[in-house]
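Given the structure is predicted, the values throughout are model-derived calculations rather than measurements.
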Amino acid sequence: MRLTDYLRLGFAGVKAHKKRAFTVVIIVGLLFSVITAGAFILQGLENVVLGIMLAPTNGEVLVVSSVDTKICGENCDIATEVVEIKKNIERYDGKIIPAKISQTADGMFYKLEEKVFSSETNDAIDMAQVVVPLGTAANLAGMEMPERDAEVAEQLDAIREVRAKTLGKVVENKNGEQYYIADILPDGVYANNLSFMNIGQDGNPLNLILGQMRTGVSQNFITKSAKTEPKADESNTEQSSGLIAMGDIDAEEMGMVLAQFENVKAAYDYYQDKANYCSETDRIFSLCGKDYKYQVVSAVSDPIMTYENLQNAWLVFKIAVAVLTVIALIIAISTYGRLIGKDMKIISLYHAMGANGKQIRLVYLTYLLMLSIMAVGFAVVVGLALAAVLSLVNTTNLVQVFALGFGIETESVWLVGWNNLVLGIAGVMIFAAVIAVLIGNGNFTSKELARKIK
């Protein structure tokens with residue numbers, strides 16, 4: 001028989017057992033729709049959160065590694081430790097970014113000697129150009145922001161106002177000094193994570209995942225210094241302000257090394273090195289491993305810790321997926337087996353038409369594969385619909401909490417993303433069809449057929 005014959009006969013089998021066929025499609029499809037919906041939502045959240053965190057650096061991760069002086073001790077040889085940090089960065093294919101630290105009255109700024117951020121430097125502007133979190137942008141513009149205990153509406157209005165008046169604009173602080181805000185970095189402005197509890201929504205099930213999304217803290221960066229630096233009044237340095245440097249120091253002299261990694265996975269692998277890794281809990285109780293020496297943190301938001309939390313979330317999710325998959329597999333195989341067992345008359349008809357056992361097995365394999373594909377298709381459609389509805393229903397909450405957590409403005413946050421776990425579901429259903437045919441192999445032989453008909 002040709003392929004078209006197998007397809008035609010397989011489709012005929014679906015029609016012949018319409019009621020039972022669609023029952024298994026719906027039952028198995030609904031089980032798998034829970035999996036697909038979870039996969040779409042979790043992947044969508046990962047895409048949007050890490051996308052926001054990494055957008056300022058074109059998808060790369062800027063990391064600050066520093067000597068932990070509590071571990072190194074009073075007689076710590078900073079220069080030697082810095083050399084070790086740089087060697088370790090290179091082992092993980094990181095790129096070392098030369099930087100100076102400028103301590104000013106407006107805070108500490110990193111002066112980068114290489115282009116790191118996606119924002120373009122405006123050479124026509126003869127003043128310091130900075131890339132900073134929202135709080136620093138407001139401070140440089142001389143704007144007051146509400147406290148953390150203010151009403152959510154007041155905080156959201158302040159975020160919109162600061163962005164509108166500073167991003168891509170020249171600002172002037174209270175002392176008359178001007179700066180160009182090239183970009184505003186994502187930063188935990190009013191929320192340390194993305195849980196809806198930050199906006200008074202305590203019972204939302206999405207909080208289980210959103211609460212693991214750390215917004216982090218972004219550092220201040222000078223991407224271009226002013227051509228003419230204002231002179232500080234050396235007789236009264238306490239009155240100096242703005243980017244009048246109280247002293248620029250090479251970051252390495254302070255035991256700090258900036259490095260850039262190609263993606264969050266590469267940065268996370270470096271962070272997990274035994275010399276760099278110590279959980280927050282272990283650090284509090286001084287239980288870091290014997291090889292631990294260096295602190296590693298993200299310089300822009302917190303993609304590293306968010307990625308780690310996501311790996312834990314995926315692990316829990318995959319355990320739940322494994323349980324549901326086993327249940328769905330048992331249902332599918334047992335139902336497929338019953339479908340084959342009730343088809344003795346049709347199988348005998350195939351024999352009477354001259355088909356051999358191998359051909360009949362292929363006919364039924366085609367038939368069951370069609371059911372499997374229908375079940376997977378049903379699961380994907382229902383799962384996608386569930387994820388889309390959940391995202392749309394929570395649009396307002398998502399927009400607000402992302403604004404509070406990152407200091408961004410957006411009209412919507414779409415929590416739907418593709419994950420190859422869906423292909424794994426398709427593989428499981430194909431496996432179920434193959435197993436069912438193998439288990440029912442005896443039903444396709446003329447000897448077994450004759451016994452059952454008698």
Side-chain angles (χ1 to χ4, degrees), residues 40-64 116-120 131-138 152 155-156 158-160 162-164 166-168 181-196 198-199 206-207 209-221 260-268 271 297-311 313-314 387 390-392 394-419:
F40 287 140
I41 292 171
L42 195 51
Q43 187 62 59
L45 181 62
E46 179 175 333
N47 292 346
V48 70
V49 172
L50 290 180
I52 290 171
M53 290 180 173
L54 301 179
T57 51
N58 288 311
E60 297 189 329
V61 182
L62 189 61
V63 169
V64 179
V116 168
F117 297 101
S118 56
S119 54
E120 294 293 331
V131 173
V132 293
L134 193 78
T136 303
V152 171
Q155 294 173 344
L156 293 172
I159 290 170
R160 283 190 289 268
V162 171
R163 289 186 66 87
T166 63
L167 181 57
I181 310 296
D183 199 3
I184 293 177
L185 299 175
D187 179 82
V189 185
Y190 287 113
N192 298 324
N193 58 56
L194 298 177
S195 171
F196 289 156
N198 292 302
I199 54 174
L206 282 178
N207 285 343
I209 304 174
L210 291 170
Q212 303 302 312
M213 304 297 103
R214 296 268 295 272
T215 53
V217 176
S218 291
Q219 303 301 315
N220 303 316
F221 297 91
Q260 196 168 27
F261 291 86
E262 185 178 7
N263 52 51
V264 68
K265 177 63 169 61
Y268 181 70
Y271 166 72
V297 296
S298 303
V300 177
S301 195
D302 202 353
I304 292 178
M305 288 304 299
T306 294
Y307 182 81
E308 181 172 60
N309 291 343
L310 279 166
Q311 300 315 297
W314 277 114
L390 192 61
S391 185
L392 290 171
N394 289 284
T395 292
T396 301
N397 291 340
L398 288 168
V399 168
Q400 290 181 348
V401 80
F402 270 66
L404 296 176
F406 292 127
I408 65 172
E409 280 189 290
T410 181
E411 294 182 358
S412 64
V413 177
W414 186 241
L415 296 186
V416 181
W418 173 262
N419 187 279

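- The side-chain contact (heavy atoms from CB on, under 4.5 Å) search around Leu156 returns Val152, Arg160, Gln400, Ala403, Leu404, not counting sequence neighbours.
- Residues forming a salt bridge (Lys or Arg N to Asp or Glu O under 4.0 Å) with Asp302 (at least two apart in sequence, or on another chain): Arg214.
- In this structure, Gly188 and Thr215 approach most closely via the heavy-atom pair CA-OG1, 3.3 Å.
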Q: Please report the C-alpha distance between Tyr271 and Val63 in whole Å, then the side-chain angles of each, then the deciding distance to 0.1 Å, and finally whether the side-chain contact (heavy atoms from CB on, under 4.5 Å) criterion is met.
A: CA-CA 9 Å; Tyr271 166 72; Val63 169; over 6 Å; no

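- Residues that satisfy the ring pair (Phe, Tyr, Trp, His ring centres under 6.0 Å) test with Phe261, not counting sequence neighbours, are Tyr270.
- Summarising the geometry of Ile184 relative to Pro133, their closest heavy-atom pair is CG2-C, 4.1 Å, with the distance given to 0.1 Å.
- Among residues two or more places apart in sequence or in another chain, the side-chain hydrogen bond (donor to acceptor under 3.5 Å, both in side chains) test is passed with Thr136 by Asn220.
- Across all non-hydrogen atoms, the minimal contact from Ala137 to Val132 is N-CG2, 3.8 Å.
- Taking a 6.0 Å sphere around CD of Glu262, one finds it holds 12 or fewer heavy atoms contributed by other residues, nucleotides or ligands.
- Screening residues 182-192 for salt bridge (Lys or Arg N to Asp or Glu O under 4.0 Å) gives no qualifying pairs among residues at least two apart or on separate chains.
- A distance of 10.0 Å separates OG of Ser218 from CG of Leu62, quoted to the nearest 0.5 Å.
- Contact annotation: the side chain of Leu134 approaches that of Arg163 to within less than 4.5 Å [non-hydrogen atoms, C-beta and beyond].
- Side chain of Asn309 to main chain of Gln212: a donor-acceptor pair is present (N/O by atom type, distance under 3.5 Å, no hydrogens or angles).
- Residues meeting the side-chain hydrogen bond (donor to acceptor under 3.5 Å, both in side chains) test with Ser195, sequence neighbours left out: Asn207.
- One side chain, Asn198 or Asn193, offers a donor N or O that lies under 3.5 Å from an acceptor on the other.
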Q | Verdict with supporting geometry, Val116 and Gln260, side-chain contact (heavy atoms from CB on, under 4.5 Å) | A | CA-CA 8 Å; Val116 168; Gln260 196 168 27; 3.6 Å; yes

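- Of all non-hydrogen atoms in Leu392 and Thr395, the two that sit nearest each other are O-OG1, 3.0 Å.
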Which atom pairs, one a donor and one an acceptor, fall under 3.5 Å between side chains of residues 406-417 and the rest of the protein, sequence neighbours left out?
{"residue": "Thr410", "atom": "OG1", "partner": "Ser412", "partner atom": "N", "Å": "3.4"}
{"residue": "Thr410", "atom": "OG1", "partner": "Ser412", "partner atom": "O", "Å": "2.9"}

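- Side-chain contact between Leu185 and Phe221 is present, with at least one heavy-atom pair separated by less than 4.5 Å.
- Every residue two or more places apart in sequence or in another chain that forms a ring pair (Phe, Tyr, Trp, His ring centres under 6.0 Å) with Tyr307 is listed here: Tyr268.
- Atoms OG and CZ, from Ser391 and Phe40 in turn, are 13.0 Å apart once rounded to the nearest 0.5 Å.
- Taking the side-chain contact (heavy atoms from CB on, under 4.5 Å) definition, one finds that Leu210 meets it with Leu45, Leu194, Phe196, Leu206, Leu398, sequence neighbours left out.
- For Glu46, the side-chain hydrogen bond (donor to acceptor under 3.5 Å, both in side chains) partners at least two apart in sequence or on another chain are Trp314.
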With a cut-off of 3.5 Å and sequence neighbours excluded, list every side-chain donor-acceptor pair involving residues 47-59.
{"residue": "Asn47", "atom": "OD1", "partner": "Gln43", "partner atom": "NE2", "Å": "2.9"}
{"residue": "Asn47", "atom": "ND2", "partner": "Gln43", "partner atom": "O", "Å": "3.3"}
{"residue": "Thr57", "atom": "OG1", "partner": "Leu54", "partner atom": "O", "Å": "3.3"}
{"residue": "Thr57", "atom": "OG1", "partner": "Glu60", "partner atom": "O", "Å": "2.5"}

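- Here Asn397 pairs with nothing under the side-chain hydrogen bond (donor to acceptor under 3.5 Å, both in side chains) rule; sequence neighbours left out.
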